[in-house]
Number of protein chains: 2
Amino acid sequence: MVGAVERDEVRERFRRSGYTLTSQRRAVLEALRDSEGHPSAEEVYLAAKSRNPKVALGTVYQALSVLEEIGLIEAKRWSESPVRYDVNTEPHHDIRCTRCDAVEEIPGVDLGDFAAHIRENTPYDVTSASLVIEGVCPACQTQDG
Amino acid sequence: MVGAVERDEVRERFRRSGYTLTSQRRAVLEALRDSEGHPSAEEVYLAAKSRNPKVALGTVYQALSVLEEIGLIEAKRWSESPVRYDVNTEPHHDIRCTRCDAVEEIPGVDLGDFAAHIRENTPYDVTSASLVIEGVCPACQTQDG
DNA sequence: ATCCTATAGATAACCATTCTTGAAAAAGTC
DNA sequence: GACTTTTTCAAGAATGGTTATCTATAGGAT
Ligand SMILES: [Mn+2]
Ligand SMILES: [Mn+2]
Ligand SMILES: [Zn+2]
Ligand SMILES: [Zn+2]
């Protein structure tokens, strides 16, 4: 049961942020939560439309940026792919398959005090440091050399 | 003198790759080498044009991808900025200022066996892992809160 | 019910980058 | 060197993902 507790959490975040929790935004968030991987805006749009046909692509982009702003989702970027969205807001890394475009999580790896090392070696005020990881997924490895 | 040795290196790379070293490609590379920071394609274009007016923006993009392919330069990406190009092909990290868009190098930090950690925790065949680092540069820090 | 404001949908615009195309240059061939 | 074949180039059109604009709508406050 993912339901009750998270529903309250969502309402609470919206309330605190001042944004209103509309049916479209709810559809976008639920589409994202039910999706297996880390979908693109376009994929979220298709999934959200099947829940609530009254939702436009532009609205999905806007909803995603609101959801990100209030901390319910995260955006992740790889160079050869549109932005992917992630409902898992716990710190973790994701790897993208360069052949089939799948994205999966990498458990148990922590940037740890790497950020500290960086801070020691630059006069910048470091605000973010994230890893962009790519590879070939098991399924694509077996498909050929 | 950055001249002679590197010129041979450039010629050699072009020869081995099979690409021809044209005046446009040379202008692009030299523009990049003379630039202080980590310019975008557009900035490289402006600098290259002043050396060789016979160069179009499309040609610069094409030249940059050839130069990257043969290992003379590297492309680096941040989410809020067009691709930046780097003549420093030694392994190192760069940080981008989110206020003024400047990019500078961070010396003495090595991803080290972090890549090994990642490989241990995913069934993917990891082909690349790079850090995207952002912050506020010293100049922008003093300009306000 | 009326007003008010935030949000929605539709569509146009945007921007960095890539693709297409005809022309020019290079490289082979004799 | 003339001729043919291949490659590269510059210019501009096209693309893809995303954002901005504009009008209409819905839902809460009074
Ligand atoms: Mn994830
Ligand atoms: Mn650098
Ligand atoms: Zn795959
Ligand atoms: Zn700055």
Side-chain angles (χ1 to χ4, degrees), chain A residues 10-11 13-29 31-32 38-70 72-85 96 101 103, chain B residues 11 13-29 31-32 38-70 73-85 96 101 103:
Chain A
V10 170
R11 254 200 298 262
R13 292 254 190 177
F14 269 96
R15 201 193 53 69
R16 275 209 300 266
S17 69
Y19 288 111
T20 54
L21 175 46
T22 64
S23 69
Q24 288 85 354
R25 286 172 182 165
R26 183 186 294 283
V28 165
L29 181 58
L32 200 39
H38 295 67
S40 65
E42 186 82 35
E43 288 165 343
V44 172
Y45 165 60
L46 293 173
K49 208 166 56 168
S50 75
R51 297 170 173 282
N52 179 352
K54 265 194 77 59
V55 70
L57 180 57
T59 305
V60 169
Y61 274 103
Q62 181 193 287
L64 288 169
S65 83
V66 168
L67 291 169
E68 188 189 8
E69 189 186 328
I70 68 182
L72 285 170
I73 67 173
E74 274 179 19
K76 308 214 164 164
R77 293 156 223 269
W78 283 264
S79 58
E80 316 263 281
S81 152
V83 178
R84 304 303 203 73
Y85 293 90
R96 172 180 166 268
D101 214 38
V103 171
Chain B
R11 255 200 298 264
R13 293 256 188 175
F14 269 96
R15 200 192 54 68
R16 276 208 302 265
S17 70
Y19 287 111
T20 55
L21 177 45
T22 63
S23 68
Q24 289 84 355
R25 286 171 183 166
R26 184 186 293 286
V28 165
L29 181 58
L32 201 38
H38 296 69
S40 65
E42 185 82 35
E43 288 165 342
V44 172
Y45 166 61
L46 293 172
K49 209 166 57 168
S50 74
R51 298 169 172 282
N52 179 352
K54 262 194 78 56
V55 70
L57 180 56
T59 306
V60 169
Y61 274 103
Q62 183 189 283
L64 287 169
S65 83
V66 167
L67 291 169
E68 187 190 8
E69 188 185 329
I70 69 182
I73 66 174
E74 275 178 20
K76 309 213 164 166
R77 291 157 225 267
W78 284 264
S79 58
E80 315 265 280
S81 152
V83 178
R84 305 302 204 73
Y85 293 91
R96 170 179 167 271
D101 213 37
V103 171

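In what follows, chains are A, B, ... by sequence order, proteins preceding strands, each numbered from 1.
- In this structure, the CD atom of B:E80 is 15 Å from the P atom of C:dC15, given to the nearest Å.
- We find that CZ of A:R25 is positioned 6 Å from C1' of C:dT7, with the value rounded to whole Å.
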Can you name the atoms? Protein N/O to nucleotides 21-27 of chain C N/O, anything below 3.5 Å, with the distance.
none

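- Taking CZ of A:R84 as the start and CD1 of A:I73 as the end, the distance is 13.5 Å to the nearest 0.5 Å.
- Per the geometry, CD belonging to B:E43 stands 16 Å off C1' belonging to C:dT17, to the nearest Å.
- Rounded to an integer number of Å, the gap from B:D101 CG to C:dA16 C1' is 14 Å.
- When the P atom of D:dT7 is taken as reference, atom CZ of B:F14 falls 17 Å away, rounded to whole Å.
- The shortest distance between side-chain heavy atoms of A:H38 and A:R96 does not fall below 4.5 Å.
- We find that OH of B:Y45 is positioned 15 Å from C1' of C:dT17, with the value rounded to whole Å.
- Atom CZ in B:R25 sits 5.0 Å away from atom OG1 in B:T20 (nearest 0.5 Å).
- B:L64 has its CG atom 15 Å from the C1' atom of D:dA10, to the nearest Å.
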Going by atom type alone, with no hydrogens or angles, which donor-acceptor pairs under 3.5 Å involve a side-chain atom of residues 60-69 of chain A and a protein atom two or more places apart or on another chain?
from	atom 1	to	atom 2	distance (Å)
A:S65	OG	A:Q62	O	3.1
A:E69	OE1	A:Y19	OH	2.9
A:E69	OE2	A:Y19	OH	3.3

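- At a threshold of 4.5 Å between non-hydrogen side-chain atoms, the residues A:W78 and A:D101 do not count as touching.
- Looking only at distances, a side-chain donor or acceptor of B:S17 sits under 3.5 Å from a matching main-chain atom of B:R13.
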message: At under 4.0 Å between heavy atoms, how does the protein contact nucleotides 11-30 of chain D? Give one character per nucleotide, 5' to 3', with B, S or -.
response: S-----SBB-----------

